[in-house]
Amino acid sequence: MSPSFPVLYTERLILREPRSTDVERLFEAAQDAMVMQYYGTPALTDRSEALEQLTKFNRLYISGQGTRWIITLRSPSSDTPADCYIGDL
């Protein structure tokens, strides 16, 4: 990803560029029908679809058409490590 990708910080969160390491957590979230009702797309059925989504997010930024951030926690919680995908925006 481009070194100029904007990273945003809040007290609790970091919004950063999509990474290949986000595949597993994105796939887990995108299998949940309750989560996917807000996306307006069907649930993912394969990890390769999650990787394809991340690739699309990166292409969106590189092309100058938009920015899709990965949402992570600044500090780890009891069930989520720091800098681990918890959503996207």
Side-chain angles (χ1 to χ4, degrees):
M1 179 70 352
S2 168
S4 62
F5 191 98
V7 179
L8 305 177
Y9 298 91
T10 72
E11 186 176 314
R12 293 181 33 242
L13 303 173
I14 299 173
L15 279 64
R16 60 158 173 79
E17 78 283 357
R19 299 178 187 152
S20 60
T21 55
D22 298 318
V23 167
E24 192 62 35
R25 297 285 295 221
L26 171 60
F27 181 60
E28 288 175 22
Q31 287 181 299
D32 186 325
M34 184 180 270
V35 170
M36 294 311 289
Q37 74 180 344
Y38 300 104
Y39 276 73
T41 61
L44 301 184
T45 58
D46 188 87
R47 282 172 183 75
S48 65
E49 294 173 311
L51 183 57
E52 185 178 323
Q53 284 288 72
L54 292 169
T55 301
K56 286 180 185 178
F57 295 167
N58 286 327
R59 282 192 203 128
L60 184 69
Y61 178 73
I62 291 167
S63 71
Q65 294 178 335
T67 304
R68 188 73 173 245
W69 282 279
I70 299 302
I71 305 167
T72 69
L73 295 176
R74 275 187 98 148
S75 301
S77 69
S78 60
D79 60 347
T80 306
D83 199 34
C84 185
Y85 174 100
I86 60 171
D88 56 83
L89 149 72

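What's counted below: heavy atoms across the whole structure, side chains too, no hydrogens, waters or symmetry copies. All values derive from a computational prediction rather than experimental measurement.
- Separation of atoms NZ (K56) and CD (Q53) is listed at 5.5 Å; rounding is to 0.5 Å.
- A distance-only check finds a donor-acceptor pair linking the side chain of S63 to the backbone of L60 [under 3.5 Å].
- Here I14 sits in one hydrophobic cluster together with V7, Y9; the rule is ILVMFWY side chains under 4.5 Å apart, joined directly or through other members.
- Within the structure, the side chain to side chain donor-acceptor pair (under 3.5 Å) test picks out the following pairs touching residues 20-33 (sequence neighbours left out): R16-D22, E24-R47.
- Smallest separation of non-hydrogen atoms from P81 and C84: O-CB, 3.2 Å.
- Not counting sequence neighbours, the partners of A50 by the side-chain contact (heavy atoms from CB on, under 4.5 Å) test are V23, L26, F27, L44.
- The salt bridge (charged side-chain N to carboxylate O under 4.0 Å, His left out) analysis of residues 64-75, with sequence neighbours excluded, yields the pairs R68-D88.
- Two residues are said to be in side-chain contact when any heavy atoms from C-beta on lie closer than 4.5 Å; L13 and I86 meet this criterion.
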What verdict does the side chain to side chain contact (heavy atoms under 4.5 Å, CB included) test give for R19 and D83, after you've listed the backbone C-alpha separation in whole Å, the side-chain angles of each residue and the deciding distance to 0.1 Å?
CA-CA 11 Å; R19 299 178 187 152; D83 199 34; 2.7 Å; yes
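- To the nearest 0.5 Å, atom CD1 of residue I62 and atom OG1 of residue T67 are 11.0 Å apart.
- Judged as a side chain to side chain donor-acceptor pair (under 3.5 Å), and not counting sequence neighbours, the contacts of S48 are D46.
- Panel note: side chain W69, backbone P6; a donor-acceptor pair is recorded below 3.5 Å.
- No continuous path of ILVMFWY side-chain contacts below 4.5 Å connects Y39 to M34, so the two sit in separate hydrophobic clusters.
- With a 4.5 Å cut-off on side-chain heavy atoms, P18 and I70 count as touching.
- With sequence neighbours excluded, no residue forms a salt bridge (Lys or Arg N to Asp or Glu O under 4.0 Å) with E49.
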